[in-house]
Structure formats: structure tokens, C-alpha cells
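Quick notes on the structure that follows.
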Amino acid sequence: MAKLSTEELLDAFKEMTLLELSAFVKEFETTFEVTAAAPVQQVVQGGGGGAAPEAAEEQDEFDVILESAGDKKIQVIKVVREVVSGLGLKEAKELVEGAPKPVLEKVAKEAADAAKEKLEAVGAKITLK
């Protein structure tokens, strides 16, 4: 069997649907007895109490919530499809019409801010949580 380069593997994954990729990840985890889940970081609370509240206040994952589409619903649908990879036209339309709904969940601050800027630029009302 020929060894595939990283680029070839990524190209193969790009061709897969989300369901196919999910099935692959499950099979990979089973075969190699590993997990693809991110480790959960536990906060140890000490007697001082000074550092623990600061760590709790600093949030590293955000949800981008579409509150309303505004006047330009079609443009908002286009941007939602751009921001959420793999989302079809029907799903994007349902998401926009069903507002308030989460567009992105548990993403980094930079990605959340970028999505918020793009959506607000076309008239959508967005909140970050």
C-alpha cells in the first residue's frame, strides 16, 4: 500500500461528507483505541481564592447566536453558508428563519468575532455567549 502524504489525506477528507467523516473518526478511535475529544481542563480551587475567579472569568469558547436576520435576509443566508462550512441552502435558510438560533458553537474568540463582523455587516443582529 502506498503511503499518502498529509496533503493527500486532507484532500481526501475534504471530499467526504460530515457523516462519512464522523463515521471515519469513530472507526479510527475504535481501531487505535484513542479518542479525538479534547481533554477537559479541571480548575482546582485553592484556599486563596484570588486566582480561581480570574480563570473562571476568562472564556476561550464562544457561541455565535443569530438573534434576527434584519432587512437583508438573503445576504444573511449567504453569509451563514460562508461562515458554517458544509451547510446547504435549505439548512441555512431554516437557521436564519428560525432565529434566535446558534450559528457557531464553542469556537475560538477570533472565529466568533470574525463571524459576528461578517453577519453584522449584512444587517444581522448577533450576540456572543
Side-chain angles (χ1 to χ4, degrees):
M1 178 176 195
K3 186 175 180 179
L4 298 176
S5 71
T6 303
E7 286 184 24
E8 292 170 328
L9 284 171
L10 289 174
D11 288 338
F13 290 141
K14 288 177 186 176
E15 299 294 321
M16 299 173 95
T17 65
L18 290 177
L19 292 175
E20 292 170 334
L21 193 54
S22 176
F24 170 77
V25 169
K26 287 178 185 173
E27 185 65 29
F28 186 90
E29 290 175 336
T30 304
T31 302
F32 295 103
E33 298 176 359
V34 295
T35 180
V40 178
Q41 183 178 8
Q42 295 181 351
V43 177
V44 178
Q45 294 193 1
E54 290 176 22
E57 289 176 17
E58 191 172 321
Q59 184 177 355
D60 60 348
E61 291 183 338
F62 294 86
D63 294 341
V64 179
I65 311 294
L66 174 68
E67 297 296 333
S68 69
D71 296 335
K72 301 177 183 177
K73 187 166 73 171
I74 293 173
Q75 283 80 5
V76 173
I77 292 170
K78 288 179 181 179
V79 173
V80 166
R81 288 190 66 205
E82 178 185 322
V83 169
V84 182
S85 62
L87 197 62
L89 181 60
K90 179 181 176 187
E91 293 85 1
K93 182 177 183 263
E94 289 172 355
L95 190 148
V96 170
E97 289 177 345
K101 290 233 176 168
V103 177
L104 295 172
E105 295 180 315
K106 296 184 177 161
V107 295
K109 181 164 178 55
E110 295 80 24
D113 286 339
K116 181 179 179 184
E117 283 182 35
K118 286 180 181 180
L119 288 163
E120 285 180 341
V122 292
K125 184 177 179 212
I126 303 295
T127 58
L128 294 179
K129 293 186 179 182

Exercise for review: Start with the C-alpha distance between Val25 and Glu29, add both sets of side-chain angles, then the distance that settles side-chain contact (heavy atoms from CB on, under 4.5 Å), and finish with yes or no.
Suggested key: CA-CA 6 Å; Val25 169; Glu29 290 175 336; 4.0 Å; yes
Check your understanding: Of Ile65, Ile126, Thr127, which meets side chain to side chain contact (heavy atoms under 4.5 Å, CB included) against Lys116?
Key -> Ile126
Review point. In terms of side-chain geometry, is the basic nitrogen of Lys93 or Glu97 positioned less than 4.0 Å from the acidic oxygen of its partner?
Key: yes
Point to revise | Other residues, nucleotides, ligands: >12 heavy atoms within 6.0 Å of Phe13 CZ | key: yes
**Study point:** Closest heavy-atom pair and its distance - Leu104, Val107
**Key:** CB-CG1, 4.0 Å
Review point. Which pair of non-hydrogen atoms, one from Gly88 and one from Arg81, has the smallest distance, and what is that distance?
Key: C-NE, 3.6 Å
Exercise for review: Mind listing the closest non-hydrogen atom pair of Ala112 and Phe62 along with its distance?
Suggested key: CB-CB, 3.8 Å
Point to revise | With sequence neighbours excluded, residues passing salt bridge (charged side-chain N to carboxylate O under 4.0 Å, His left out) with Lys129 | key: none
Check your understanding: Can you tell me if CD1 on Ile74 sees more than 12 non-hydrogen neighbours from other groups inside 6.0 Å?
Key -> no
Point to revise | Backbone N/O of Glu27 and side chain of Thr31: donor-acceptor pair under 3.5 Å | key: yes
Check your understanding: How close do Val96 and Lys73 get, heavy atom to heavy atom, and via which atoms?
Key -> CG1-CG, 3.7 Å
Exercise for review: Kindly work out whether a path of hydrophobic side-chain contacts (I/L/V/M/F/W/Y, heavy atoms less than 4.5 Å apart) joins Leu18 to Phe28.
Suggested key: no
Review point. Do Leu66 and Lys101 come close enough that some side-chain heavy atom pair is under 4.5 Å?
Key: no
Practice item. Could you pull out the closest heavy-atom pair between Ile77 and Ala92, with the gap in Å? Key: CG2-CB, 3.9 Å
Practice item. Check for a donor-acceptor pair, side chain of Glu8 on one end and backbone N or O of Ser5 on the other, with a separation under 3.5 Å. Key: yes
